[in-house]
Amino acid sequence: MDNLVFVAQKFKHMEKVIDVQEFGNGKIHDTFLVTLESKGGKHFILQRINTQVFRKPELIMLNMRIVTEYVCRLLQHSHLREGRYWKVPLVLLTQDGKDHFIDYDGSFWRAISFIEDSQSFETIKSIGQAREVGYALGMFHSLLRDLPPGRLADTLEGFHNTLRYLKHYNEVLAKHDPCRSPEERYCLGFVSKRSAWAKVLENARVEGKLHLRIIHGDPKVNNIMMDISTGQAVSIVDLDTVKSGLVHYDIGDCLRSGCNPLREETEKWESVNFEVDLCRAILEGYLSMASVFLTENDYDYLYDAIRLIAFELGLRYLTDYLEGNVYFNAIDPEQNLLRALVQFKLTESIESQATAIHTIIREIR
Ligand code: GN1
Ligand code: MG
């Protein structure tokens, strides 16, 4: 705690730090909520960046600054908000004007403003909330649609490139002890049946059917902030993976997290279900902002995106489990296997409701 207060105090602010608490459920960085001594109890987010995952943390700071400064300028001059407000999490500087602080043991720390008077949820509670989740992602894409993707650095090479995850999985599998539990066998069979299809989005990109844009990279439900009093979406946080990519990665990620009421950490993996009513509402909310810039091809690949990102996350968890949990934080050695099972069940549920999902996409496009 003393070290946390010490680090928190390195960042520029007028008030004294009175409390630092662990915050959120991130699986990569260590995240803390800092409370300042002020009447309103102002806060900011303090994070120790996982530099095993993000090898060049200066680049994530650079990307964040480019994106947040661009959006702030845009929000001052545009009418995009249409009577609603939208907030951007800002990079807070250290006392000596830097966007990060390196402590005595080499840890990389950064501070981000907290979106006050808002909250995030682990699961969607209503159809109205699902629309807000979709709206938030649409707002994000729409704010960044004219910023050239080439302006941002690639902070995590191969992120959401399912083919690269498959290649790595096969390398890990080749080294793994062949003795398998029934759950492992189910997962391995699951992946092998889908590996030919897994290149669907990358192929479409290479063929020029889908184009790179600026994406969030991790727009899961608990990264979307809702105003405490109105319930309206007001921000998307966690901008580490903002970079060039396909909007399909984001749409798939938002839906795989938003349409699974049991949550990705459930132990009841066999009961996991993809809720199509929530899917419809999220997509409607998304399109209320995004329909102006989506192409016919974009719509054609929506179903694949929904199926693929759930599958891909399962594959990433499974690989990490086989590799000894080197990427995602895990409290026990089987946790990443369980997380993989949840995503694979979700993928199966998406597949078994393919007709209903295609109908939704046809009706809302
Ligand atoms: C990781 O750390 P967190 O929870 O924000 C991961 C995402 C996954 C997510 C699953 C950089 O995000 O891709 O979808 O876990 N982030 C990275 O909860 O790999
Ligand atoms: Mg994240």
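Note that ligands are numbered from 1 as they come in the structure, with each ligand's atoms numbered from 1 the same way.
If you look at Glu264 next to ligand 1, the close heavy atoms, those under 4.0 Å, all belong to the side chain.
A side-chain donor from one of Asn273 and Ser349 sits under 3.5 Å from a side-chain acceptor of the other. A donor-acceptor pair shorter than 3.5 Å cannot be found between the side chains of Gln95 and Gln9. There is no side-chain donor-acceptor pair under 3.5 Å between Asn297 and Thr295.
Not a single ring pair (Phe, Tyr, Trp, His ring centres under 6.0 Å) links His248 to another residue, sequence neighbours left out.
Residue contacts with ligand 1: Thr241 is placed with no nitrogen or oxygen under 3.5 Å of a nitrogen or oxygen of the ligand (distance criterion only). Note: an N/O pair closer than 3.5 Å links Arg316 and ligand 1 by distance alone. At a 3.5 angstrom cut-off on N or O pairs, Ile28 counts as close to ligand 1.
More than 12 non-hydrogen atoms from other residues, nucleotides or ligands lie less than 6.0 angstrom from CD of Glu122.
If you check each of Tyr327, Tyr249, Tyr317, Phe54 against atom 19 (O) of ligand 1, the one with the closest non-hydrogen atom is Tyr327. With Gln343, Lys220, Glu312, Arg256 as candidates, the residue nearest to atom 14 (O) of ligand 1 on a non-hydrogen basis is Arg256.
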* Could you check Ile357 against Phe274 for side chain to side chain contact (heavy atoms under 4.5 Å, CB included), going step by step and ending with a plain yes or no? => CA-CA 10 Å; Ile357 299 170; Phe274 182 85; 3.8 Å; yes
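Salt bridge Glu69/Arg73: absent, no basic N to carboxylate O contact under 4.0 Å. A salt bridge is absent between Glu202 and Arg164; no separation between the charged side-chain nitrogens and carboxylate oxygens falls under 4.0 Å. The pair Glu351-Arg307 meets the salt-bridge criterion, since a charged nitrogen lies less than 4.0 angstrom from a carboxylate oxygen.
Every atom of ligand 1 is numbered from 1 in the order shown, and the set under 4.0 Å from a heavy atom of Gly26 is 2 (O), 4 (O). Those atoms of ligand 1 with a heavy atom of Phe159 less than 4.0 angstrom away are 13 (O), 17 (C), 19 (O).
What sits closest to atom 7 (C) of ligand 1 on the protein, heavy atoms only, is Asp218 OD1, 3.7 Å. Annotation: atom 2 (O) of ligand 1 to nearest protein heavy atom, Lys27 N, 2.9 Å. For atom 15 (O) of ligand 1, the closest heavy atom belonging to the protein is Phe328 CE2, 3.8 Å.
Using a cut-off of 2.8 Å, one finds that Asp238 contributes an N/O/S atom close to the Mg ion (ligand 2).
Residue contact annotation: Asp238 has a non-hydrogen atom under 4.0 Å from ligand 1.
The N, O or S atom of Asp218 with the smallest distance to the Mg ion (ligand 2) is OD2.
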